[in-house]
Participant: 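This is the structure I want to talk about, given as structure tokens.
What you see is a predicted model; the values in this text were computed from it and never measured.
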Amino acid sequence: MALVRTYGCQQNVADSEKLRGQLQEMGFAFTEQEEEADLILFNTCAVRENAEFRVYGNVGNLKALKRQKPSLIIGVCGCMMEQEHVAEKIRQSYPYVSLVFGTHVVHKLPELLYQTLTSGKRVFSRGDDSEDKTIVEGLPIHRDRDIRAWLTVMYGCDNFCTYCIVPYVRGREKSRKPGDILAEFKSLVEAGYKEITLLGQNVNSYGKGLEEQVDFSDLLNLLCTVPGDYHIRFMTSHPKDASFKLIDTIAAQPKICKHLHLPVQCGSDRLLVQMNRHYTVEHYLELIEYARKKVPGITFSSDIIVGFPGETEEDFQKTLELVQKVGYMQLFTFIYSKRTGTKAADMPDPTPRKEKTDRMTRLLKVQDDIAMALVKAQVGQTVRVLVEGYGRNEGTLSGRLDNNLTVEFEADSALMGSYAMVRLTGARATVLLGELVES
């Protein structure tokens, strides 16, 4: 029995599905109970300090289980393990961890596990330069869900934002061939998946390094030629590479969800330069306004970092102004987390933690007011909903709208995994309430 526990972003989730696929072909079944597992594998995230602390704590908690069950294999993989100082900490402080490997050798799991089992030694692997540049196709995938699927279109990042560790742990940008993506996409549609999310650290730079002259908009148009009842989401879009062509494609293709996640990080041009983001607030707002004009009803979400080194109250006020101008349906907010090895880690950071948390509280209050007003404005519409799970109350189901909002409504569980027409009748905080019109 194997237990694979995932931390971090959707790309890590997609990697874990490939890990499970390989394990399944090796004969493993899966469990969520540590006591039942013969192999426990942590797929880690290095983006924020809290995620690292959780991994250390959870690995530490396995010491007693390993003592009780000496045959248990404990492995740690993913982004954290691409950092030499972290891998060394695992080596020194957690001697009962037998297997450690990085993001570039996910496809080598059977080989690495075989070495662990037969050598009697601990195995550490971060790959080499050639593996950093290689895309391995055809890996088996054990998907977590039967309605929604992740589909990676590219790997790595070339942006080197000063706060971000991703380019150092995920490597440089590599695009999959359109034909390989199309073949996987077709197989997902044929298997009955209703929502397919295209993944990449920066999907808008898709096409780099390919022989074909193709960009992300071209790829979207290609995938939309596949017949079937499904819709497409994608993430993440970097504003510096987002184009009017992309927005025109969203407008023209009914199968693409009318929602755009466009991380801005902050509303201060001064800090955007310090972050190495390569766009201005003015350019960002031009993209937002063009999308609003071309795609009626489109909604937006974004990422915001509070307390970046050197952020002043004036900088923060500009972020609040931007949030109010755009009117985000959702915000993913973070207090700046220092990452060893990034440029921002060496920048002066005089702002006290309490001041940063106070700013976060103020930001969340502004965003909550905006989101609740936007949600209430949806009431009265009749919308098509992908039914994904059970609602909070007995007898209700839950699903997502095209614009990424969640709605709950009374219905029979037979509707699970299908589309339903729902009239929006009210709201509970930022969750819509509705009644079934027809299936």
Participant: As a quick check of understanding, evaluate side-chain contact (heavy atoms from CB on, under 4.5 Å) for M372 and D368, giving each step before the final call.
Facilitator: CA-CA 6 Å; M372 284 192 278; D368 285 348; 4.2 Å; yes
Participant: Can you find a heavy atom in the side chain of E195 that is under 4.5 Å from one in the side chain of T197?
Facilitator: yes
Participant: R392 vs E408, test: salt bridge (Lys or Arg N to Asp or Glu O under 4.0 Å). Steps then yes/no.
Facilitator: CA-CA 8 Å; R392 181 181 298 182; E408 294 182 0; 5.1 Å; no
Participant: Could you go through the side-chain contact (heavy atoms from CB on, under 4.5 Å) check for I256 and C224 one step at a time?
Facilitator: CA-CA 8 Å; I256 301 177; C224 286; 3.9 Å; yes
Participant: Evaluate the side-chain proximity of F316 to T312: yes if any heavy-atom separation is below 4.5 Å, no if none is.
Facilitator: no
Participant: Counting heavy atoms not belonging to E435, are there more than 12 under 6.0 Å from its CD?
Facilitator: yes
Participant: Using a strict 4.0 Å threshold on nitrogen-to-oxygen distance, state whether K356 and E311 make a salt bridge.
Facilitator: no
Participant: Kindly give the heavy-atom pair with the smallest separation between L262 and A242, and that separation in Å.
Facilitator: CD1-CB, 4.1 Å
Participant: Would you please test T340 and H85 for side-chain hydrogen bond (donor to acceptor under 3.5 Å, both in side chains) and show each step?
Facilitator: CA-CA 9 Å; T340 301; H85 69 280; 4.7 Å; no
Participant: Can you find a side-chain donor-acceptor pair between Y155 and H104 that sits under 3.5 Å?
Facilitator: no
Participant: Could you grab the distance from atom CG of L39 to atom CG of L113, nearest 0.5 Å is fine?
Facilitator: 6.0 Å
Participant: May I ask you to say whether D15 pairs ionically with R170, meaning some side-chain N is under 4.0 Å from a carboxylate O?
Facilitator: yes
Participant: Output yes when D402 and K255 qualify as a salt bridge under the 4.0 Å nitrogen-oxygen rule, no when they do not.
Facilitator: no
Participant: What orientation do Y230 and F185 show, parallel under 30°, tilted 30 to 60°, or perpendicular over 60°?
Facilitator: perpendicular
Participant: Indicate the atoms forming the closest heavy-atom contact of A420 with V387, along with that distance.
Facilitator: CB-CG2, 4.0 Å
Participant: Quick one: CG on L109 to NZ on K18, what's the gap to the nearest 0.5 Å?
Facilitator: 13.0 Å
Participant: Between R339 and E52, does a salt bridge (Lys or Arg N to Asp or Glu O under 4.0 Å) hold up when you go through it step by step?
Facilitator: CA-CA 11 Å; R339 301 284 77 201; E52 289 194 6; 2.9 Å; yes
Participant: Taking the side chain from D218 and the backbone from D215, do they hold a donor-acceptor pair closer than 3.5 Å?
Facilitator: yes
Participant: State, yes or no, whether a side-chain contact exists between M154 and K174 at a heavy-atom distance under 4.5 Å.
Facilitator: no
Participant: Any side-chain heavy atom of V306 sitting closer than 4.5 Å to one from T333?
Facilitator: no
Participant: Name the residue from T236, D303, T299, N404 that meets the side-chain hydrogen bond (donor to acceptor under 3.5 Å, both in side chains) definition with H261.
Facilitator: D303
Participant: Can you see whether F101 has K108 sitting over its ring - NZ or CZ less than 6.0 Å from the centre and within 45° of the normal?
Facilitator: no
Participant: Classify the side-chain pair Y163/R277 by whether it contains a donor and acceptor separated by less than 3.5 Å.
Facilitator: yes
Participant: Under 4.5 Å between any side-chain heavy atoms of V100 and V123, yes or no?
Facilitator: no
Participant: In a check of side-chain contact (heavy atoms from CB on, under 4.5 Å) between I40 and each of L62, V97, V76, which one passes?
Facilitator: L62
Participant: side-chain contact (heavy atoms from CB on, under 4.5 Å) for L199 and V153? Distances and angles first, verdict last.
Facilitator: CA-CA 6 Å; L199 297 180; V153 301; over 6 Å; no
Participant: Are R5 and E34 close enough, and set up right, to give a salt bridge (Lys or Arg N to Asp or Glu O under 4.0 Å), and what steps lead you there?
Facilitator: CA-CA 10 Å; R5 189 155 289 160; E34 293 176 350; 2.9 Å; yes
Participant: Would you mind reporting whether L219 and L223 have side-chain heavy atoms less than 4.5 Å apart?
Facilitator: yes
Participant: For E394, does the CD atom have more than 12 heavy-atom neighbours from other residues, nucleotides or ligands under 6.0 Å away?
Facilitator: no
Participant: Is the charged tip of K343 near the ring of F160: under 6.0 Å from the six-membered ring centre and within 45° of its axis?
Facilitator: no
Participant: Would you call E137 and K177 a salt bridge, using N to O less than 4.0 angstrom?
Facilitator: no
Participant: Could you report the tightest heavy-atom contact between S302 and V264, atom names first, then the distance?
Facilitator: OG-N, 2.9 Å
Participant: Classify the side-chain pair D241/S205 by whether it contains a donor and acceptor separated by less than 3.5 Å.
Facilitator: no
Participant: Please determine whether the number of non-hydrogen atoms from other residues, nucleotides or ligands lying under 6.0 Å from atom OH of Y390 exceeds 12.
Facilitator: no
Participant: Would you check if the side chain of T103 reaches a backbone N or O of V169 as a donor-acceptor pair within less than 3.5 Å?
Facilitator: yes
Participant: Counting distance only, does the side-chain N/O of S337 pair as donor-acceptor with the main-chain N or O of R48 below 3.5 Å?
Facilitator: no
Participant: If the threshold is 4.0 Å, N to carboxylate O, is there a salt bridge linking R176 and E212?
Facilitator: no
Participant: Strictly below 4.0 Å, N to O, side chains only: are R362 and D358 in salt-bridge contact?
Facilitator: no
Participant: So does E84 have more than 12 non-hydrogen atoms from other groups sitting under 6.0 Å from CD?
Facilitator: no
Participant: Is it the case that the side chains of K240 and N159 hold a donor-acceptor pair, with the cut-off being a distance below 3.5 Å and no angle test?
Facilitator: yes
Participant: Indicate the ring-plane relationship of F216 and F234, choosing parallel, tilted or perpendicular according to the 30° and 60° boundaries.
Facilitator: perpendicular
Participant: Under a 3.5 Å cutoff, is there a donor and acceptor pairing between the side chains of E17 and H142?
Facilitator: no
Participant: After noting the C-alpha distance and the side-chain angles of Y336 and F308, does the key distance pass the ring-ring contact (aromatic ring centres under 6.0 Å, His included) rule?
Facilitator: CA-CA 5 Å; Y336 168 74; F308 182 79; 5.7 Å; yes
Participant: Assess whether a salt bridge exists between K208 and D158, defined as any Lys/Arg side-chain N lying under 4.0 Å from an Asp/Glu carboxylate O.
Facilitator: yes
Participant: If we only count heavy atoms from C-beta on, is the Q274 to T162 side-chain gap below 4.5 Å?
Facilitator: no
Participant: Between S268 and D315, is any side-chain donor less than 3.5 angstrom from a side-chain acceptor?
Facilitator: yes
Participant: Got a donor-acceptor contact below 3.5 angstrom from the N12 side chain to the G8 backbone?
Facilitator: no
Participant: Can a donor-acceptor pair be found, under 3.5 Å and without considering hydrogens, that links the side chain of N202 to the backbone of H238?
Facilitator: yes
Participant: Taking all atoms of both residues into account, what is the closest heavy-atom pair of S71 and K66, and its distance?
Facilitator: C-NZ, 4.5 Å
Participant: Can you name the nearest heavy-atom pair linking M80 to C45, along with the distance?
Facilitator: CG-O, 3.3 Å
Participant: Okay, side chain of T44, backbone of C77: is any donor-acceptor separation there less than 3.5 Å?
Facilitator: yes
Participant: Could you go through Y419 and V385, starting from their C-alpha distance and side-chain angles, then the distance that decides it, and tell me whether this counts as side-chain contact (heavy atoms from CB on, under 4.5 Å)?
Facilitator: CA-CA 5 Å; Y419 288 102; V385 177; over 6 Å; no
Participant: Would the distance check show the side chain of R122 and the main-chain N or O of R91 forming a donor-acceptor pair, the cut-off being under 3.5 Å?
Facilitator: yes
Participant: Using a 4.5 Å cut-off on heavy atoms from C-beta on, say whether the side chain of H231 contacts that of L386.
Facilitator: yes
Participant: For K186 and E190: C-alpha separation, side-chain torsions, deciding distance, then whether salt bridge (Lys or Arg N to Asp or Glu O under 4.0 Å) applies.
Facilitator: CA-CA 6 Å; K186 285 180 177 177; E190 290 168 358; over 6 Å; no
Participant: Using atom types as modelled and distance alone, determine if a side-chain donor or acceptor of T319 lies under 3.5 Å from a backbone N or O of G267.
Facilitator: yes
